[in-house]
Amino acid sequence: MGFPEQRPRRLRRTAALRRLTAETQVQRGDLVAPLFVKEGIDAPEPVESLPGILQHTVESLRKEVRALADLGVPAVTLFGVPAAKDAVGSGADDPDGITQVALRELRDEVGDSLVLIADCCLDEYTDHGHCGVLDDDGEIDNDATLERYASTAVVQADAGADVIAPSGMMDGQVGAIRAALDAAGHDQRAILAYSAKYASALYGPFRDAAECAPAFGDRRGYQMQPANAREALEETALDITEGADMVMVKPAIAYLDVLSDMRDAFDVPVAAYHVSGEYAMVHAAAERGWIDGPRRHARARHRDQASGCRFHPHLRRARPGRTSRGVSDTPFDRARRVIPGGVNSPVRAFGSVGGEPVFVRNGQGAYLVDIEGHRRLDYVQSWGASILGHAAPHIVEAVQAAAAEGTSFGAPTLREVELAEAIVERVPSVDKVRLVNSGTEAGMTAVRLARGATGRSKVLKFAGCYHGHVDALLVEAGSGVATLGLPGSAGVTERTVADTVVAGYNDVTAVEAVFDEHGDDLAAVLVEPVAANMGLVPPAPGFLEQLRERCDASGSVLVFDEVITGFRLGLGGAQERFGVSPDLTMLGKVIGGGLPLAAIGGRADLMDVLAPLGDVYQAGTLSGNPLATAAGLAALEGLNPDAYARLESTVALLCGGLTEVFEAAGVAVQVPRVGTLAGLFFCDGPVTDFTTARAADHDRYARYFHGMLDAGISLAPSGYEVLFTSLAHTTADIERTIDTAGAVAATLA
């Protein structure tokens, strides 16, 4: 075929070819994130018209900026929202005003690793919402406003701003600021001029975020007329003459011709502002399916899972760059390319509830904030590890201090001894402790130790109890194995599990039968004293006592898996609560304070069978590492009888409220509670074992999970898990949870 002779489509065939031949590219180093900090609030507040955007506290702003710096975003622009406003915007140049306080905090947080740009305007600070001082006729007094801009720029520079960004469009603003900065010794501070800032209806969501909508009139008298392109070049030339180091077009998308003309006409850096209205429109259209937005599962329709930097309003430098992925990629897409299933622990994959997992940026107390800025009340709490709440200050301080001394030595440290002493002091049955890195290691060690001490081979476990991914213990396990609907695991041979005997939890008849048949060859009985990996299932009266009696009679080792219940139900765990002492105890979660750490502890004669004293070998390079032991000690220091009493009262309030709202909605539900642990099953009758746990309505749980998640409350993504409440959860948090659960329950009836 002779025609066409030119075939440009050859270079569009694959994503790799399109990236290779792209004429214009954007990378993270081209972005500037605008951030809002509000005076007088205790927690970040969402901006309704800007999904995913927050008005920050100074503390949450520090964390946001640290996260942005770690991502490689090079700069932020700061907008302050004061608690009080007046006619002249006096908070703008107050050295202790919110913007200046925030600038000092951010400079302390990131040093010179991130550029701090300060918006220099008065609209956030004036009670009338205009960008300048008003004269007696209610008009903007240009020259009086320049004096305010000049003094504001100086205090912003004093506070640590690298760049001053005057945005009010007053004539001569750049010259006035440049002169003031130079006179104050800030001649090295740069100015980013809003040289072509057009009057636009696209600024509405920003005015919500900055709380600066004009109380009367509009800003057309000082912002540029949308019809004028040549005027933009004149304004820009004036700003550069007066001392602007960088110039800007705002809004960017609507004025690409102006942006192009400015790039051709001037050699200084040119910035483009993707404004709030553009951002909000993209989100609104994507939510309605009118345009392709970030990909998501239908059940997760209220969550934005965009990758990399968010669809923030941002400044963008118009210069070549390189991008490594498409903007439609979600974090889960990226994860699945490099991590099996996209997660490092299967239950996190949302497999039983549907949708894509939420990627967390940070946590504080009872709350998590995802990478899109959504703040949620959290009842996972690192699967029970964070009993004090996320980022408990004294735990963070302990870890930071330990890290400064070294993160791992491969040699004994005093903190290992101190943590072992703390465990021995608190747990009734424990004489000695071996620290390991995970609950799985504790389970593996318990089985090996019991077999080595008794010379026997068989192990009894209970259906629905999960003791880590140890080969011999994965048969009919709960937790993630139950979530995925697996009977065990591929890769585990029949020979490996031949010595594993499984009985029903709470089934005293089955226990008797196992001991009658295998008692002489039974090395160990492993049990969760309160089952918490098939949902929450309390032990039946006499069940734990029966296990103790039969183990004593047969010489078998009784192992309590208290990875969840240890230091969760009380200082002595479930064994103290129920008055039954095991021979060995598996511990984890709480004792690591949120870091990888677990332990096996028990009678001295049993523990001394471990190497180097005995011939049962166990080892680990990072076992008892300095960071984890520091965190564990700090966590245990925060726990006392009063703390447990408060937590138990909180959980009782939660369980009672949930029972009431589900009953009112006509939804059959069971809300079991053991002390500080709570569960939730959608079923008519009590759940006593793995069979009845599996019979619950897990599809209804999935609907409940997403309803709560969309309403800002994070639960475990599986009906086989429990509710983990922390000491950071307040009565108000519990009341909010109950009210939300009631609203969601009404949709499930």
Side-chain angles (χ1 to χ4, degrees), residues 63 67 343-350 357-371 374-400 419 436-442 466 468-469 478-480 483 528 532-533 536 561-569 573 586-599 622 625 627-639 643 647 650-651 654 676-679 705 708-709 713-718 720-729 733 737:
K63 293 183 178 180
V343 292
N344 285 307
S345 190
V347 74
R348 302 176 192 173
F350 279 32
V358 174
F359 280 64
V360 173
R361 172 183 297 156
N362 59 60
Q364 187 68 51
Y367 287 83
L368 290 178
V369 179
D370 69 20
I371 60 173
H374 303 117
R375 184 171 180 261
R376 295 185 177 91
L377 185 56
D378 180 37
Y379 285 95
V380 179
Q381 292 290 323
S382 189
W383 305 97
S386 301
I387 192 171
L388 303 179
H390 297 295
H394 69 287
I395 293 181
V396 172
E397 291 170 5
V399 173
Q400 289 173 335
L419 182 57
V436 293
N437 294 295
S438 68
T440 292
E441 287 187 44
Y466 177 73
H469 56 95
S479 192
T483 297
E528 291 181 77
N533 283 288
L536 186 70
D561 182 343
E562 296 223 46
V563 168
I564 288 177
T565 55
F567 299 105
R568 164 66 62 171
L569 294 182
M586 296 162 53
L587 295 168
K589 299 193 184 295
V590 171
I591 68 165
L595 272 68
L597 189 145
L622 296 178
N625 78 84
L627 303 189
T629 50
L633 283 166
L636 295 187
E637 287 169 3
L639 297 172
L647 184 56
T650 299
V651 176
L654 174 65
T676 61
L677 281 172
F705 167 85
M708 296 293 280
L709 190 68
I713 296 178
S714 180
L715 307 175
S718 167
Y720 292 106
E721 305 294 345
V722 299
L723 289 163
F724 290 109
T725 308
S726 77
L727 285 160
H729 284 74
D733 292 331
T737 303

Test side-chain contact (heavy atoms from CB on, under 4.5 Å) on T737 and M708 and set out the steps.
CA-CA 9 Å; T737 303; M708 296 293 280; 4.1 Å; yes
Residues that [X] engages under side-chain hydrogen bond (donor to acceptor under 3.5 Å, both in side chains), provided they are two or more places apart:
X	value
T725	none
S726	H729
N362	none

Test log, rule side-chain contact (heavy atoms from CB on, under 4.5 Å), inputs L727 and T650
CA-CA 8 Å; L727 285 160; T650 299; over 6 Å; no
Test side-chain contact (heavy atoms from CB on, under 4.5 Å) on D370 and R376; report intermediate values, then the result.
CA-CA 8 Å; D370 69 20; R376 295 185 177 91; 2.9 Å; yes
Any residue meeting ring pair (Phe, Tyr, Trp, His ring centres under 6.0 Å) with F724, in chain and number order, not counting sequence neighbours
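For F724, no residue satisfies ring pair (Phe, Tyr, Trp, His ring centres under 6.0 Å) once neighbours in sequence are set aside.
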Can you list everything that forms a ring pair (Phe, Tyr, Trp, His ring centres under 6.0 Å) with H390? Sequence neighbours excluded, please.
none
How close do [X] and [Y] get, counting heavy atoms only, and between which atoms?
X	Y	value
L723	G679	CD1-O, 4.4 Å
P357	A349	CD-O, 4.1 Å
A391	G363	CB-O, 3.5 Å
A643	G638	CB-O, 4.1 Å
L597	A628	CD1-CB, 3.4 Å
G389	A728	CA-CB, 4.0 Å

Heavy-atom side-chain proximity of [X] to [Y] below 4.5 angstrom:
X	Y	answer
I564	N533	yes
L715	E721	no
T676	I387	no
L388	H394	yes
Y367	D733	yes
L368	V380	no

Drop me the distance from [X]'s [atom1] to [Y]'s [atom2], to the nearest 0.5 angstrom.
X	Y	atom1	atom2	result
L587	T565	CG	OG1	8.0 Å
L595	S382	CG	OG	9.5 Å
T629	N625	OG1	CG	6.0 Å
E562	I591	CD	CD1	11.5 Å
I395	L633	CD1	CG	10.5 Å
K589	R568	NZ	CZ	10.0 Å

Would you say R361's side chain and A67's backbone share a donor-acceptor pair under 3.5 angstrom?
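Looks like no, no N/O pair under 3.5 Å.
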What residues, two or more places apart in sequence or in another chain, satisfy side-chain contact (heavy atoms from CB on, under 4.5 Å) together with R348?
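For R348, the residues satisfying side-chain contact (heavy atoms from CB on, under 4.5 Å) (neighbours in sequence not counted) are V343, N344, S345.
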Test side-chain contact (heavy atoms from CB on, under 4.5 Å) applied to F705 and S714, P717, S718, the passing residue:
P717
